[in-house]
Amino acid sequence: MTLKIRVIAPDRTVWNADAEEVILPSSTGQLGILTGHIPLLTALDVGVMRVRVEKEWIPIVLLGGFAEVENNVITILVNGAEEGSAINIEKAQSNLKAAISMLSEAETSREKFEATQKIRKARARVQAAQINNN
């Protein structure tokens, strides 16, 4: 038995396939879902979702949102998403360094918040790219 997983961003459906397992970056930590999971609605944080299809783990960066689990169907609504295979690791690492630099130079609360958000997104992209390259 498998899970039906759909990841929907505002501009497109990022993922729509069956899988054996998914690990979500929930707002309270990593959340593993297998077939037969009880119904659940959870907030998602910026992070990497991992989907296991057969024996392969596929990383997908999620930029916050919500996930609903019911009857082996997982519907994930996100602000944005990107498959790990589409991420250039060198560019992602460069963006992370730039975001860290931006945080060190930030003076206002707003600048610090924006830099922190960029760091979180960049770290997720680097992590997904590294998983995909292994």
Side-chain angles (χ1 to χ4, degrees):
M1 185 172 247
T2 60
L3 298 165
K4 176 69 176 167
I5 303 170
R6 289 187 325 161
V7 178
I8 304 167
D11 59 339
R12 65 190 172 101
T13 298
V14 177
W15 181 270
N16 188 10
D18 293 341
E20 288 77 38
E21 181 178 1
V22 64
I23 299 173
L24 298 169
S26 80
S27 58
T28 58
Q30 298 292 307
L31 178 63
I33 308 289
L34 297 168
T35 57
H37 198 284
I38 62 169
L40 171 74
L41 181 62
T42 187
L44 299 176
D45 206 353
V46 172
V48 179
M49 173 179 91
R50 293 168 187 83
V51 180
R52 185 169 58 89
V53 178
E54 296 179 12
K55 293 183 180 182
E56 181 182 353
W57 285 96
I58 300 166
I60 300 173
V61 175
L62 302 181
L63 302 179
F66 295 92
E68 178 187 46
V69 179
E70 189 170 19
N71 297 323
N72 294 322
V73 176
I74 303 174
T75 304
I76 301 166
L77 303 174
V78 292
N79 299 324
E82 186 175 5
E83 286 190 56
S85 61
I87 298 170
N88 177 306
I89 193 163
E90 289 83 16
K91 184 175 179 184
Q93 290 170 333
S94 174
N95 288 342
L96 177 57
K97 287 178 186 175
I100 291 169
S101 176
M102 178 187 273
L103 179 60
S104 69
E105 296 170 7
E107 295 178 4
T108 67
S109 296
R110 181 181 177 99
E111 289 173 341
K112 289 177 185 177
F113 175 78
E114 289 174 358
T116 301
Q117 289 300 102
K118 287 184 180 192
I119 289 171
R120 293 175 69 212
K121 291 175 184 177
R123 279 193 179 135
R125 293 182 82 239
V126 167
Q127 183 182 10
Q130 288 172 335
I131 290 169
N132 198 63
N133 287 334
N134 289 337

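Just so we're clear, the structure is a prediction, and the values are computed from it rather than from any experiment. FYI, the numbering just counts along the sequence from 1.
Of all the heavy atoms in Ile87 and Ala128, the pair that sits closest is CD1-CB, 4.0 Å. Contact detail for Ala124 and Val46: the closest heavy-atom pair is CB-CG1, 4.3 Å. The shortest non-hydrogen separation linking Ala115 to Ala99 is CB-O, 4.2 Å. Of all heavy-atom pairs between Gly29 and Ser26, the closest is O-OG, 2.5 Å. Nearest heavy-atom pair across Pro59 and Ile131 is CG-CG2, 3.8 Å.
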Can Leu40 and Glu68 be said to form a side chain to side chain contact (heavy atoms under 4.5 Å, CB included), step by step?
CA-CA 6 Å; Leu40 171 74; Glu68 178 187 46; over 6 Å; no
If you apply the rule side chain to side chain contact (heavy atoms under 4.5 Å, CB included), what do you find for Lys121 with Glu82, and how did you get there?
CA-CA 11 Å; Lys121 291 175 184 177; Glu82 186 175 5; over 6 Å; no
Mind running side chain to side chain contact (heavy atoms under 4.5 Å, CB included) on Val14 and Val78 for me, showing each step along the way?
CA-CA 10 Å; Val14 177; Val78 292; 5.6 Å; no
Audit row: Ile33, Ile5, side chain to side chain contact (heavy atoms under 4.5 Å, CB included) steps and yes/no
CA-CA 11 Å; Ile33 308 289; Ile5 303 170; over 6 Å; no
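Put simply, Leu31 and Leu44 are part of the same group of oily side chains (I, L, V, M, F, W, Y) that touch within less than 4.5 Å, one to the next. Both Val7 and Val53 are assigned to one and the same hydrophobic cluster, defined by single-linkage of ILVMFWY side chains at heavy-atom distances under 4.5 Å. By the criterion of side-chain heavy atoms lying less than 4.5 angstrom apart, applied directly or through intervening Ile, Leu, Val, Met, Phe, Trp or Tyr residues, Leu62 is not grouped with Val126; the two fall into different hydrophobic clusters.
Residues satisfying the side chain to side chain donor-acceptor pair (under 3.5 Å) criterion with Thr35, sequence neighbours excluded, are absent altogether. In this structure Thr75 satisfies the side chain to side chain donor-acceptor pair (under 3.5 Å) test with no other residue, sequence neighbours excluded. In this structure Glu105 satisfies the side chain to side chain donor-acceptor pair (under 3.5 Å) test together with Ser101, sequence neighbours excluded. Looking at residues two or more places apart in sequence or on another chain, you find a side-chain contact (heavy atoms from CB on, under 4.5 Å) between Arg123 and Leu96, Ile119. With sequence neighbours left out, the side-chain contact (heavy atoms from CB on, under 4.5 Å) criterion links Gln30 to Ile23, Pro25, Arg50.
Between Ile76 and Leu24 the shortest side-chain heavy-atom distance falls below 4.5 Å.
Separating the CD atom in Gln93 from the CG atom in Asn88 is a distance of 9.0 Å, to the nearest 0.5 Å. In this structure, the separation between CG on Leu103 and CD on Glu111 is 10.5 Å, given to the nearest 0.5 Å. Between atom CD1 of residue Ile89 and atom OG of residue Ser94 there is a gap of 12.5 Å, rounded to the nearest 0.5 Å. Atom NZ of Lys112 is separated from atom OG1 of Thr116 by 9.0 Å, given to the nearest 0.5 angstrom.
Among residues at least two apart or in separate chains, side chain to side chain donor-acceptor pair (under 3.5 Å) pairs with a member in residues 3-24 are Lys4-Asn16, Glu21-Arg52.
The backbone N or O of Gly36 sits less than 3.5 Å from a side-chain atom of Asn72, completing a donor-acceptor pair.
Under a 4.0 Å N-O distance rule, the pair Glu114/Lys118 does not qualify as a salt bridge.
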